[in-house]
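The shown structure was predicted, so the numbers you read here are calculated from the model rather than taken from an experiment.
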Amino acid sequence: MRILFLSLILFALSACFAVGLDLLLKYDLRSSLHNMTMPFRYMMKQEIVIMTIIVLYAFFRPYIYRLAKRMWQSFQNQPRA
C-alpha cells in the first residue's frame, strides 16, 4: 500500500511541475492539462510499438515465470525410466 501511495504522490508532484512549467511558458491551463493527459499523441508508430512491447512484457513477465516454474517442477517430478 505504501508503494502505491508513494507512486501516486510522485505522479501528482511531477504533473504539478509540468503544469507549472507550462504556465510559466504562457500556455493556458486547458492546453497544458490536455497535453499532459495525451502523451502518446505525438509518438511515432515505432515508438508506440516499443512502448506496447515494454508494457506487455512488464505485465506478463510474472505469469510467464510462474508457468515456467510449474512446468519445470512437473518435469522434475516425472518418474525416471
Identify all side-chain donor-acceptor contacts of residues 49-74 below 3.5 Å with residues at least two apart in sequence or on another chain.
residue, atom, partner, partner atom, Å
T52, OG1, I48, O, 2.7
S74, OG, R70, O, 3.3
S74, OG, M71, O, 2.9

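- Between L10 and S14 there is no side-chain heavy-atom pair separated by less than 4.5 Å.
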Pair up each side-chain donor or acceptor in residues 16-30 with any protein partner under 3.5 Å, not counting sequence neighbours, and list the distances.
residue, atom, partner, partner atom, Å
D22, OD2, S32, OG, 3.0
D28, OD1, S31, N, 3.2
D28, OD1, S31, OG, 2.4

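- Through direct or relayed side-chain contacts under 4.5 Å between Ile, Leu, Val, Met, Phe, Trp and Tyr, I9 connects to F5, L13.
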